[in-house]
Amino acid sequence: MMKTSDPRSALWSATTAPPPDTPPLTGDRRADVVVIGGGFTGLSAALHLAEAGLDTVLLEAEAPGFGASGRNNGQVVPGFSRHSPDEVVAKFGSERGEALNTWVQDAAALVFGLIERHGIDCDATQNGWLMPAHTESRLAVAQAKHDQWAARGASVALLDRSETQALTGSEFYMGAWLHRGGGNINPLAYTRGLARAALNAGAVIHAVSPATAIERAGSAWRVTTPNGSVEADSVILATNAYSGDLWPGLARSVVPMRLLQGATKPLSDNVARTILPERQGISDARRVLWAFRKDGQGRLVTGAAPLVPGFRGPLRDLCTAQVKAVFPQAGDMEFEYLWDGKVAVTLDRLPRFHELAEGVYAGLGYSGRGIAMATAMGKLLAERVQGTPASDLPVPVAPLKPVPMRSLLIPLARVRMNWWRFLDRLD
Ligand SMILES: Cc1cc2nc3c(=O)[nH]c(=O)nc-3n(C[C@H](O)[C@H](O)[C@H](O)COP(=O)(O)OP(=O)(O)OC[C@H]3O[C@@H](n4cnc5c(N)ncnc54)[C@H](O)[C@@H]3O)c2cc1C
């Protein structure tokens, strides 16, 4: 049986058209920019750089979409995972905070715009994203986010119990907020589509080409792989939770969290019609959120954070329990696909833009909300390489800092998550 960490165990691997040809790097070459990592961040950066006419080479250790980008739930969310827009302003001040709010707000439109402009066939539906709540106290959290985004002119709505039931097909929730700018995609198809668009724009992509060293080469940088090297003026690190020790301290600046996903067999038409009839995605308002969406073939795709380090049995049980609680009409559904992937979480759950050395940049730490944000981060990284002053970027340039007591944090996070889960259950 395939391990859940094997990307081939993901639903999207089975239902996505093959990737474009991206042969490994052999030999030494020169470019303007070398991008390391072939997820949304790296591919968006490569696409925007190539479109601007820069000679761009992307190196990916495995294949584009191998990391979180090819394994996620596919919900395109115009917002941060924890911070409300008022909290962002409280942290960064009015001008910088609102710039960051506008950036994350526009990020979903960037994704759907790229999909349209490049004709990416990824089952994209932009008909909104829902945060429903099952208790008064969690509804208050959802309502606060709604009110704050509404005050900033976002296209949002607060739904009462019956409107929420109509859109979700579930009696579990007592209300929700809807962000009309969000939606769903097949994330692996989007990743491969970005790769195709970047290639069409003139970028070069090498799969199975892990960067093993970055070193100075005169005024440029040399990035080495097992069978070649690229010399370039600028380097972008886009390795997120899959960062190794390529750049000292980068991996230690985030906490890698394993997230689990499960997809049912296609539901019968009768049942499928009653669940998420308009196919909005749900990330609910509980402390440890439950996520649900339907794919193009009527499978219900759900996700969870692990209770115990990764076995199929508990993962299947967790997904089954979630679906049964929210959509009892699904009956004894069978999970056809079970898989996992890693997200890079920062302590404040806000993304990071780093300038690691002159000409070396990194973007990471989307804390579970990376489809929109990583795509937008890739564009920002490309703009910075082209000379946009750091002070004009909506994401502040942050110093690289290790997460204190990181090795303890992972087991602690699991304990805290189980405590939150307990509180959610009490609710
Ligand atoms: C299970 C799961 C569900 C999620 N659900 C959602 C969701 O519904 N909505 C949402 O917005 N976000 C979601 N996310 C988060 C989102 O997927 C990520 O934030 C996003 O994909 C990060 O993109 P990235 O390009 O920065 O990193 P990744 O996609 O992880 O890409 C990093 C790449 O770097 C490569 N790499 C690493 N080291 C090297 C090296 N030395 N040389 C070359 N290449 C290297 C890796 O092979 C990998 O392909 C989810 C994540 C997971 C795991």
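One is the number of the first residue; the rest follow in order along the sequence. All ligand and atom numbering here is 1-based and tracks the order in the structure. Since the structure is predicted, the reported quantities are computational estimates derived from the model, not experimental observations.
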- atom 22 (C) of ligand 1 has as its nearest protein heavy atom Asn240 ND2, 3.5 Å
- Could you tell me whether some N/O pair between Leu260 and ligand 1 is separated by less than 3.5 angstrom? no
- Has Leu59 got any heavy atom lying under 4.0 angstrom from an atom of ligand 1? yes
- Should the heavy atoms of other residues, nucleotides or ligands under 6.0 Å from CG of Asp32 be counted, would the total exceed 12? yes
- Query: Counting each atom of ligand 1 from 1 as listed, which ones have a heavy atom of Ile36 under 4.0 Å away?
  - Reply: 40 (C), 42 (N), 43 (C)
- Has Leu364 got any heavy atom lying under 4.0 angstrom from an atom of ligand 1? no
- Query: Are more than 12 heavy atoms from other residues, nucleotides or ligands located less than 6.0 Å from atom NZ of Lys379?
  - Reply: no
- Task: Side-chain contact test, heavy atoms from C-beta onward, threshold under 4.5 Å: evaluate it for Leu350 versus Phe80 and give yes or no.
- Result: yes
- Filtering Phe40, Tyr242, Trp129 for the heavy atom nearest atom 37 (C) of ligand 1 leaves Tyr242
- Sub-3.5 Å donor-acceptor pair from the side chain of Arg349 to the main-chain atoms of Val345, do we have one? no
- Task: Tell me which part of Arg71 gets within contact of ligand 1: side chain, backbone, both or neither, using heavy atoms under 4.0 Å.
- Result: backbone
- Message: What protein heavy atom lies closest to atom 30 (O) of ligand 1? Include the residue and the distance to one decimal.
- Response: Ala68 N, 3.0 Å
- Considering only non-hydrogen protein atoms, determine which one is nearest to atom 19 (O) of ligand 1 and report residue, atom name and distance to 0.1 Å. Gly370 CA, 3.0 Å
- Give a yes or no on whether Gln297 atom CD has more than 12 heavy-atom contacts from other residues, nucleotides or ligands under 6.0 Å away. yes
- Gly244 heavy atom under 4.0 Å from ligand 1: no
- Is the closest N or O pair between Gln261 and ligand 1 shorter than 3.5 Å? no
- Message: Within the 4.0 Å heavy-atom shell around Gly341, which atoms of ligand 1 are there?
- Response: 53 (C)
- Query: Would you say the side-chain atoms of Ser5 and Asp340 include a donor-acceptor pair closer than 3.5 Å?
  - Reply: no
- Task: Starting from atom 44 (N) of ligand 1, find the nearest protein heavy-atom neighbour and note its residue, name and distance.
- Result: Ala61 N, 2.9 Å
- Query: Given Thr41, Thr239, Asn72, which has its nearest heavy atom closest to atom 6 (C) of ligand 1?
  - Reply: Asn72
- Note on the structure: for atom 47 (O) of ligand 1, nearest protein heavy atom and its distance come out as Glu60 OE2, 2.6 Å
- Query: Would one find an N or O of Ala211, backbone or side chain, under 3.5 Å from an N or O of ligand 1?
  - Reply: yes
- Query: Under 3.5 Å between some N or O of ligand 1 and some N or O of Gly368?
  - Reply: yes
- Item | Identity of the nearest option to atom 32 (C) of ligand 1, non-hydrogen atoms only, from Gly37, Ala238, Gly67, Gly74 | Ala238
- Any N/O of Asn73 closer than 3.5 Å to an N/O of ligand 1? yes
- Give the residue and atom name of whichever protein heavy atom lies nearest to atom 11 (O) of ligand 1, and the separation in Å to one decimal. Ile371 N, 2.9 Å
- Task: For Val343, counting its heavy atoms only, list the atoms of ligand 1 lying under 4.0 Å from any of them.
- Result: 15 (C), 50 (C), 51 (C), 52 (C), 53 (C)
- Query: If we only count N/O pairs under 3.5 Å, is Glu62 in contact with ligand 1?
  - Reply: no
- Query: Hey, would you say the Phe327 and Phe292 ring centroids sit under 6.0 Å apart?
  - Reply: yes
- Message: When you compare the side chains of Gln105 and His179, does any donor N or O come within less than 3.5 Å of an acceptor on the partner?
- Response: yes
- Which bit of Lys342 is near ligand 1, meaning a heavy atom under 4.0 Å away: side chain, backbone, both or neither? backbone
- Under a heavy-atom criterion of less than 4.0 Å, does Ala241 contact ligand 1? no
- Ignoring hydrogens and geometry, is there a side-chain-to-backbone donor-acceptor pair from Asn127 to Glu278 under 3.5 Å? yes
- Item | Protein residue, atom and distance nearest to atom 8 (O) of ligand 1, heavy-atom basis | Gln75 N, 3.1 Å
- Query: Can you find an N/O atom of Ser69 closer than 3.5 Å to an N/O atom of ligand 1?
  - Reply: yes
